[in-house]
Amino acid sequence: EATVSVLLLRACVALLASPIYLLSLLGIWEPFCRKIFFPFILDRIGVVHDKKSKKHKQELFRNLPEFRGPSGQLRLLEIGTGSGSNFQFYPAGCRVTCTDVNPNFQEGLSKNMKKNQHLHYEQFLVAAGEDLGQVPSGSVDAVVCTLVLCSVQSVSGTLREVLRVLRPGGAFYFLEHVAAEHSSWRYFWQQVYYPTWKLVFAGCCLTRELWKNLEEAKFSELKIQHISISMPWMPIEPHIVGYGVK
């Protein structure tokens with residue numbers, strides 16, 4: 001229920017971004033965004049976000065080794081790998097399968113793979129989170145997803161796939177930005193930026209209440225923490241971090 005002031009301010013933001021709306025109308029923006037703009041901008045924002053979230057990620061991934069399979073190996077699947085900024089947090093010998101709906105992160109990805117030779121890289125699949133059909137059911141010990149659930153087509157569909165590919169006792173790790181408190185100014189601005197932000201940043205939704213989707217998914221155990229990772233001038237705040245066990 002967007003208020004009049006939200007709608008007015010949305011129109012102002014859309015006006016400022018009108019060249020992008022025009023390019024989108026002509027079918028030029030999406031391919032350009034996917035191939036060039038999004039990988040470029042994500043790298044820039046990613047550097048800042050990685051610095052700010054480093055201690056949260058170290059804490060989050062600390063117990064990954066506990067989810068090694070019966071063979072003693074840790075088979076990990078990452079959804080929305082992007083350029084691989086999470087590799088540094090994975091334990092040595094971990095067998096990583098990378099997936100991303102956008103195959104245009106090669107440059108950053110190969111840089112991070114070179115940097116993190118303590119891991120075994122199994123394969124790279126171009127796949128959406130809701131459709132991991134190429135991955136057999138119950139075949140991985142851990143699934144990781146950071147700053148991805150904001151832009152999948154279906155959150156519940158993605159979580160269903162996560163639970164399918166995990167072996168019983170396996171874990172799903174997440175760190176995501178979510179909707180702010182409804183009575184806050186931050187939420188007001190999230191609503192204002194929502195349509196333009198979604199267009200410019202490849203489908204990223206600012207107002208998803210992802211903790212609700214996680215609570216509805218069928219995890220036998222779920223740990224969620226609401227945290228703050230301050231990103232100046234960015235509406236992607238607050239965050240949730242944690243893991244769920246199948």
Side-chain angles (χ1 to χ4, degrees), residues 29-43 45-46 49 57 60-61 64 67 69 73-90 94-113 116 119-168 170-177 198-199 201-205 208 210 213-214 216-219 243-246:
W29 176 251
E30 278 77 4
F32 169 76
C33 176
R34 179 176 286 259
K35 254 192 142 63
I36 296 159
F37 175 77
F38 194 57
F40 171 81
I41 205 79
L42 210 62
D43 259 6
I45 295 173
H49 196 278
K57 285 188 178 180
L60 172 65
F61 295 125
L64 255 177
F67 290 98
Q73 286 190 329
L74 182 72
R75 296 158 307 167
L76 184 147
L77 173 107
E78 182 163 2
I79 296 174
T81 307
S83 54
S85 63
N86 290 327
F87 293 164
Q88 55 182 309
F89 303 107
Y90 300 159
C94 176
R95 310 192 80 83
V96 183
T97 296
C98 305
T99 73
D100 206 299
V101 73
N102 184 347
N104 297 298
F105 290 99
Q106 264 84 1
E107 201 182 320
L109 189 66
S110 51
K111 204 159 63 186
N112 272 320
M113 285 167 108
N116 294 283
L119 307 174
H120 297 290
Y121 300 100
E122 301 273 85
Q123 51 182 343
F124 183 94
L125 306 173
V126 179
E130 307 89 330
D131 182 16
L132 300 169
Q134 304 168 69
V135 183
S137 300
S139 65
V140 296
D141 305 303
V143 176
V144 172
C145 186
T146 61
L147 303 184
V148 174
L149 293 178
C150 57
S151 54
V152 295
Q153 297 277 314
S154 159
V155 178
S156 55
T158 301
L159 293 176
R160 265 199 304 278
E161 276 292 76
V162 165
L163 283 162
R164 180 185 68 77
V165 301
L166 275 175
R167 63 165 175 81
F172 171 59
Y173 288 80
F174 55 88
L175 186 152
E176 300 284 344
H177 67 85
K198 190 175 179 184
L199 173 67
F201 292 99
C204 171
C205 300
R208 287 189 172 169
L210 295 168
N213 301 92
L214 286 155
E216 283 160 15
K218 304 277 192 286
F219 290 105
Y243 66 94
V245 179
K246 175 172 170 176

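- Distance check, rounded to the nearest 0.5 Å: CG of L125 to CD of E78 gives 12.5 Å.
- Between L74 and Y90, the closest side-chain pair of non-hydrogen atoms is not below 4.5 Å.
- When side chains are defined from C-beta on, V101 does not count as touching E130, because their heavy atoms never get closer than 4.5 Å.
- For the residue pair S85/N112, the side-chain donor-acceptor check at 3.5 Å is not satisfied.
- In this structure, Y173 and F67 have perpendicular ring planes: the angle between them is above 60°, well past the 30° mark.
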List, one per line, each side-chain donor-acceptor pair under 3.5 Å for residues 150-159, sequence neighbours excluded.
unit_1	atom_1	unit_2	atom_2	d
S151	OG	V148	O	3.3
S154	OG	G157	N	2.8
T158	OG1	S154	O	2.8

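- Checked against L77 for a side-chain contact (heavy atoms from CB on, under 4.5 Å), the options V144, V96, V140 give a single hit: V140.
- Not less than 6.0 angstrom separates the ring centroid of Y243 from the ring centroid of F174.
- Going from atom CZ of R34 over to atom CG of N102 covers 5.0 Å, rounded to the nearest 0.5 Å.
- Aromatic ring pairs are classed by plane angle as parallel below 30°, tilted from 30° to 60° and perpendicular above 60°; the pair F38 and F201 is perpendicular.
- Applying the salt bridge (Lys or Arg N to Asp or Glu O under 4.0 Å) test to E122 and every residue at least two apart in sequence or in another chain returns R95.
- A donor-acceptor pair is defined here as one N or O able to donate and one able to accept, closer than 3.5 Å; such a pair exists between the side chain of T81 and the backbone of T99.
- In this structure, H177 and L147 approach most closely via the heavy-atom pair N-CD2, 3.9 Å.
- Atoms OH and OG, from Y121 and S110 in turn, are 10.5 Å apart once rounded to the nearest 0.5 Å.
- Closest approach of P103 and V126 over heavy atoms only: CB-CG2, 3.8 Å.
- The two residues F61 and N86 come nearest to each other via the heavy atoms CE1-OD1, 4.3 Å.
- For K246, the salt bridge (Lys or Arg N to Asp or Glu O under 4.0 Å) test picks out no residue, with sequence neighbours left out.
- The side chain to side chain donor-acceptor pair (under 3.5 Å) test applied to D100 returns no partner, not counting sequence neighbours.
- Atom CD1 in I79 sits 12.0 Å away from atom SG in C98 (nearest 0.5 Å).
- Residue pairs satisfying the salt bridge (Lys or Arg N to Asp or Glu O under 4.0 Å) criterion with at least one member in residues 132-152, sequence neighbours excluded, are listed as follows: R75-D141, D141-R167.
- Taking R164 as the reference, E161 meet the salt bridge (Lys or Arg N to Asp or Glu O under 4.0 Å) condition, with sequence neighbours excluded.
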_side chain to side chain contact (heavy atoms under 4.5 Å, CB included), that's the test. Do L163 and F219 meet it? Break it down for me._
CA-CA 8 Å; L163 283 162; F219 290 105; 3.7 Å; yes
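- Between L42 atom CG and S83 atom OG the span is 7.0 Å, to the nearest 0.5 Å.
- Looking at L199 and E30, their side chains come closer than 4.5 Å, going by heavy atoms from C-beta outward.
- Between L64 and A142, the shortest heavy-atom distance links the atoms CD2-CB, 3.8 Å.
- The two residues P39 and F105 have their closest heavy-atom pair at CA-CE2, 3.5 Å.
- Taking CD from Q88 and NZ from K57, the interatomic distance works out to 7.5 Å, rounded to the nearest 0.5 Å.
- Taking each heavy atom of C94 and L76 in turn, the nearest pair found is SG-CB, 3.7 Å.
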